[in-house]
Structure formats: structure tokens, C-alpha cells
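All remarks here apply to the structure that follows.
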Amino acid sequence: MLNKCAGLLRIRPGQIKKLELMRRSVDARKKPDIFYSCVVDIEVEREQAVLKNSRCKQAELVKRETYHFTKQCARDLTEPIVIVGMGPAGLFAGYLLAQAGYRPVLLERGQDVDSRKAAVEAFWKTGVLNPDSNVQFGEGGAGTFSDGKLNTTIKDQDGRIRKVLQIFVKNGAPEDILYEAKPHIGTDVLSSVVKNMRERILGWGGQVRFESCVTDIFIENNRVTGVEINDSERLSCSKLILAVGHSARDTFCLLLQKKIAMEPKPFAVGFRVIHPQALINENQYGVAQHELLGAAPYKLTARTACGRGVYSFCMCPGGYVVNASSEPGHTVVNGMSYHGRTGKYANSAVVVTVSEQDYDGEDALAGVRFQRELEKRAYELGQGAVPVERYGDFYQTEAENRSMKEDIQKPEQTDRTKPYQNADPCFEADAGSSAACVKGRTATADLTQILPAELNAAFTEGMEHFDKIIPGFADDRTLLCGVESRTSSPVRILRDDSLQSVSVLGLYPCGEGAGYAGGIVSAAADGMRVAKMAAAKIQEL
């Protein structure tokens, strides 16, 4: 790479003072001949002159931003900054505040990651749910039991995204996340990373308290004065960072009672779809298995005839569908991959956009009620297990349900079934026999009973469109699991330019649960942003 860069710039390799790989992506446009496309940061003397003399159209001068958090805390605080939630937003806010000497107190309703993993494994095996420590709640947040994807679409104008990745690497993540175009950690590695971050927070003087659910927020004269923990203990504070995640429905109810300004926001719902990973590899890379690139990802979008968006979400190459329930009597699914992505199956959510027009009511929690109703139906259909169904059966039932309105006939399938010839026997067997690709008990069911009819129609329209992009995507044997209902928070907690609640001073809503992020990295970056603002307010005193 050194010689290649020197040749492009028409200089000697020895003139390059520093070379750093910043981004690497896969170029598979001419598959099976596949290439890496790289972006490299190069430091040389007299950069402007070198660029001019090289006449290289591939090179440009850039100013790399280095993230700076805040000044070291210079005095003892009478009250700590309290952070509620240890998902990415809360964890990164606490990490940087502790490093700067602010000694934050982090409150997490769930358990530490090791205890949490044991509770989740027990739930998948027995169906007995711990409502406070599960796939959604506990150290690391919902992202701990996911693919650990770290790509984001937000711009990195101040270097925060780079800082997030660097902190992950410092705490045990692989270094390739610093340059891969689609970086991921995997649930196995992420578990140890968040544990290492917690140990650093403790080492810097912060506090971490597990099984500590915030049951009340105390407000006087429109200012935060403290929180109640587990219906009993009071902890005083004037700066409260609320990073509760998108599943903290009891907290949303508390905020509504406290008249803290919130509004409903759009999100998406649908089903997890499972395919043999070889099918995806063949389409993306031209081979059923690529020795160097591993399991292939995909990203799909469509717009239906009625104007709804349909898209793939949280795609997990070589991964598993997991029962991600957090509320008794309700079932929700998510996707998860280990770092190696060595599973035989690929899965992603295929979801349909919904908005306030789809909800029953106009209050801030209308979307929450909508989600809960779908999850309740899924629970009842599966009798507590994850309800699953073949796409062909779903399509046929959905078509029959619409037959009074329009003439629908499913296209005949010919070579679309070919990629499935080497599928694992459990995938070819009854849909309920899906232990190789689903974590948790499963039961066959009619999934058309979960979503409203209009959303079912949009889902099938999207699936048929995606089949034209990835042949075999809408094969009759494709396995569906329900219900994917928590793609993002259904509420937004309104905040002003100082990132405080518009209703209460000292309350800093942040992350995915507050409606300001959509994934691990963007949530972490928002937590950092809010923590910096909270620290700045302390410095002003």
C-alpha cells in the first residue's frame, strides 16, 4: 500500500511520514472478481505542493478533526451527575464524564453483563422471563444481544464517531472497526468490551449500580432535584442524563405523569426473515462461500404503491433470530450475530414504516400502545414461543384475505428454489423446527394475524420487490418470525438547544430511547454530546 500511494502522489515512499487506513469497503460490481476500495490518510511535507505536482484526481487535502470532550473537573461536586441506563448512550456518557473526573453515578435496572447473559440463556431455554434483565435491559443495553453493527449515517464533523470506535478498540474490540466500511463487533466480543468500559469507569471514581430501576424523578421549580430508586431510595442530583433505551415503557409513562414534553414519532414494524447464508453470499459475492470475506450482508429498500416504505433493518449475516421480549405476555424478536458470523443462516427484519396515522390516539404514548398490541398478538399466537411461518404460507393467506378487493396470483417459482438445495435439514423441515437459526422456543402460527392488513400487504409487496434484487429472497420456504416491533423508539422526548428537556432544567434526554439516535454508534455519540453539555453547565457555576 505504501508503494501504491507513493506512486499515485509521484513521490518516494520515504517521503511519506504517516500512512493510516481510514476506510475499506468491498467492491463486488464485477463478481466473482472482488476488490477492496480503500481510503488512506497520508501525511507528507509540503502537502499542497505534493498534491499539485501529482495531479492525482484520487487525492485531496483534508483536515482531520480530533474530538475533545471537556476540561478536567476542577472541583468536588456536592451532587453527582446521574445517568439512567447503561446502553451505548449512558455508557459512553459515563465513560467520558468519569475520565474527566466528574465521578458520575450510573443506574441500570438490569444486571451486569455476565448475570444478564445467564438470565437470557435461561429465558431462551425455559421461557421464564426476567422483566428487568433480558435482551433489552441490562449492562450494554439492547445492542449487547445484536450483531454489534457500528456503521452509521450521521456526519462526523467533530470527530465523535471516530472517538466512539477508538474507545471500543481501547476496551477490547478488534482494530478493523476503525476502517471497515461496515464494522461490527458481535455480541460475544461486545459483552467483554462493555465490561471493560465499566471497570474503567469504576477506576476513574464513577459508580455503577445494577438492579437499580428509577421509579420516580423529583422536580422542584421546573428543575431536577433527584431520583427515586426501586420505590425506596432517594438520590439527589441536579443533572440527570436519561438514556433509558427504546423499551423503557414504564419510564415513558412516568415522564408523561410528570408532564415532561414528549411526542410520538414514526418507526417501523414487520417480521424477521431468515435465509440460508449461502443464498446471500451467492448474490453478493458470486460464490456460496467466500474464504476471505466471510458472510455477506445486504441492505434493501422499496416504496409500495400506496407510498409506504419497506426496508431491511439490522441485517445479521451468519446470525440468529432471538426472542427479545422484555414484558410478560408480549413477544418481540431481534437479530444477533457472534463476531465470527459463522452461522449457516442470514436474517434481517423486513419492516414497514408506520406513523401517527396508524395509531389509536394522538398522545405521546400512542405508538407504545400500538407496539404492545402487536407483541401481545405474537405472544398469544405462539403461546409464549416465537411464532414462525414460511413465507409461501404467509403470502397465500395474505392474498386470500385481499381476494375480495383484487385478483392476486403468486408468480410461479422455478429456479428461485435452487439456492435452497443445500440448506440445512432443519430449514427444510417443519417451520417450528428452527433451533439452528432461532434462539428461543418457536411455534408455527399464522403471522398474518399480527399486523394490520394494510401492513401485511405492504410487507409482501416489499418482499416480492426484494426478490428481483436477490433471487430467492421471497422463496416459499423463507422463514418468517414475529414480531419485529422495536426498530426505534416510538416517542421523542423534546429538548432545547442546550440538550435539556424543554420542560425541566437539568434533565438531559439522549440516545435511542429519547428519539435522537438509531443504533449503537449514533446513540453513543449522542450520549457523549449530552455529557459534554452537562459538564459545561457545571463549569459555568
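In this chain, numbering begins with 1 at the start of the sequence shown.
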*asked:* Is there a salt bridge (charged side-chain N to carboxylate O under 4.0 Å, His left out) between Glu121 and Lys439? Walk through the geometry before answering.
replied: CA-CA 9 Å; Glu121 292 285 352; Lys439 298 284 189 179; 5.6 Å; no
*For Glu139, the option from Arg198, Arg116, Lys117 that meets side-chain hydrogen bond (donor to acceptor under 3.5 Å, both in side chains)*: Arg198
*Going through the checks in order, is the side-chain contact (heavy atoms from CB on, under 4.5 Å) test met by Gln166 and Leu178?*
CA-CA 7 Å; Gln166 289 171 341; Leu178 294 174; 4.0 Å; yes
_Neighbour count above 12 (heavy atom, 6.0 Å) for Arg103 CZ_ = no
*Could you tell me whether the side chain of Glu180 and the main chain of Lys182 form a donor-acceptor pair under 3.5 Å?*
no
*Is there a donor-acceptor pair closer than 3.5 Å between any side-chain N or O of Ser212 and the backbone N or O of Phe210?*
yes
*asked:* As a quick check of understanding, evaluate side-chain hydrogen bond (donor to acceptor under 3.5 Å, both in side chains) for Gln539 and Thr70, giving each step before the final call.
replied: CA-CA 10 Å; Gln539 292 167 5; Thr70 190; 2.7 Å; yes
*Quick check: does any side chain N or O of Gln500 sit under 3.5 Å from a backbone N or O of Gly506, one acting as donor and the other as acceptor?*
yes
*Kindly indicate, with the supporting measurements, whether the criterion side-chain contact (heavy atoms from CB on, under 4.5 Å) is fulfilled by Thr251 and Val214.*
CA-CA 8 Å; Thr251 304; Val214 170; over 6 Å; no
*asked:* Between Ser325 (side chain only) and His330 (backbone N and O only), is there a donor and an acceptor less than 3.5 Å apart?
replied: yes
*Could I get the full list of ring pair (Phe, Tyr, Trp, His ring centres under 6.0 Å) partners for Phe168, not counting sequence neighbours?*
Phe92
*Identify whether NZ of Lys or CZ of Arg in Arg23 sits under 6.0 Å from the centre of the six-membered ring of Tyr179 and within 45° of that ring's axis.*
no
*Just wondering, are more than 12 heavy atoms of other shown residues or ligands nearer than 6.0 Å to CD in Glu175?*
no
*Dump the intermediate steps for side-chain hydrogen bond (donor to acceptor under 3.5 Å, both in side chains) on Tyr508 and Ser501, then the final yes or no.*
CA-CA 6 Å; Tyr508 292 84; Ser501 163; over 6 Å; no
*Spell out, as yes or no, whether a donor-acceptor pair under 3.5 Å connects the side chain of Thr304 to the backbone of Ala458.*
no
*side-chain contact (heavy atoms from CB on, under 4.5 Å) evaluation trace for Leu91 with Ile201*: CA-CA 9 Å; Leu91 187 61; Ile201 289 171; 4.1 Å; yes
*asked:* side-chain hydrogen bond (donor to acceptor under 3.5 Å, both in side chains) for Gln136 and Ser326? Distances and angles first, verdict last.
replied: CA-CA 6 Å; Gln136 306 294 345; Ser326 60; 5.3 Å; no
*Please test Arg24 against Asp176 for salt bridge (charged side-chain N to carboxylate O under 4.0 Å, His left out), starting from the C-alpha separation and ending with a verdict.*
CA-CA 9 Å; Arg24 185 176 72 177; Asp176 63 12; 5.7 Å; no
*asked:* My understanding is that only residues two or more places apart in sequence, or in another chain, count here; which of them pass ring pair (Phe, Tyr, Trp, His ring centres under 6.0 Å) with Trp124?
replied: none
*Is Arg234 close enough and on-axis enough to Phe218, meaning under 6.0 Å and within 45°, for cation-pi?*
yes
*For Phe69, is the NZ or CZ atom of Lys532 found under 6.0 angstrom from the centre of its six-membered ring and inside 45 degrees of the ring axis?*
no
*Counting only N and O atoms by type, is there a donor-acceptor contact under 3.5 Å from the side chain of His184 to the main-chain atoms of His339?*
yes
*Assess whether salt bridge (charged side-chain N to carboxylate O under 4.0 Å, His left out) is satisfied between Asp112 and Arg209, documenting all intermediate values.*
CA-CA 9 Å; Asp112 67 89; Arg209 298 180 54 178; over 6 Å; no
*For the residue pair Ile260 and Leu507, establish whether any side-chain heavy-atom pair is separated by less than 4.5 Å.*
yes
*For atom CD of Gln58, is the number of surrounding heavy atoms from other residues, nucleotides or ligands below 6.0 Å larger than 12?*
no
*Take Tyr95 and Asn171 through the side-chain hydrogen bond (donor to acceptor under 3.5 Å, both in side chains) test and state the conclusion after the steps.*
CA-CA 11 Å; Tyr95 187 93; Asn171 287 278; 3.2 Å; yes
*Does Arg495 count as lying over the ring of Tyr516, i.e. NZ or CZ under 6.0 Å from the six-ring centre, within 45 degrees of the axis?*
yes
*Go through Tyr359 and Phe267 one step at a time and tell me if the ring-ring contact (aromatic ring centres under 6.0 Å, His included) criterion holds.*
CA-CA 11 Å; Tyr359 308 157; Phe267 54 102; 5.6 Å; yes
*Kindly write out the residues that satisfy ring pair (Phe, Tyr, Trp, His ring centres under 6.0 Å) with Phe123, not counting sequence neighbours, or none if the list is empty.*
none
*Evaluation steps, side-chain contact (heavy atoms from CB on, under 4.5 Å), between Met336 and Asp147*: CA-CA 5 Å; Met336 183 186 84; Asp147 185 56; over 6 Å; no
*Does the Asn130 side chain pair with the main chain of Asn134, one donor and one acceptor, at a distance under 3.5 Å?*
no
_Quiz item: cation-pi between Arg160 and Tyr67, 6.0 Å / 45°_ = no
*Go through Glu47 and Lys18 one step at a time and tell me if the salt bridge (charged side-chain N to carboxylate O under 4.0 Å, His left out) criterion holds.*
CA-CA 12 Å; Glu47 291 182 342; Lys18 180 182 177 182; over 6 Å; no
*Using distance alone, with no hydrogens and no angle criterion, decide if Ser232 and Asn230 have a side-chain donor and acceptor under 3.5 Å apart.*
no
*Donor-acceptor pair, Gln111 side chain versus Ser133 backbone, under 3.5 Å?*
no
*Does Cys213 offer a backbone N or O that forms a donor-acceptor pair with the side chain of Arg109 under 3.5 Å?*
no
_Under a plain distance cut-off of 3.5 Å, with no hydrogens placed, do Gln371 and Arg249 share a side-chain donor-acceptor pair?_
yes
*Looking only at atom types and distance, does a side-chain atom of Asp526 sit under 3.5 Å from a main-chain N or O of Ser522, one as donor and one as acceptor?*
no
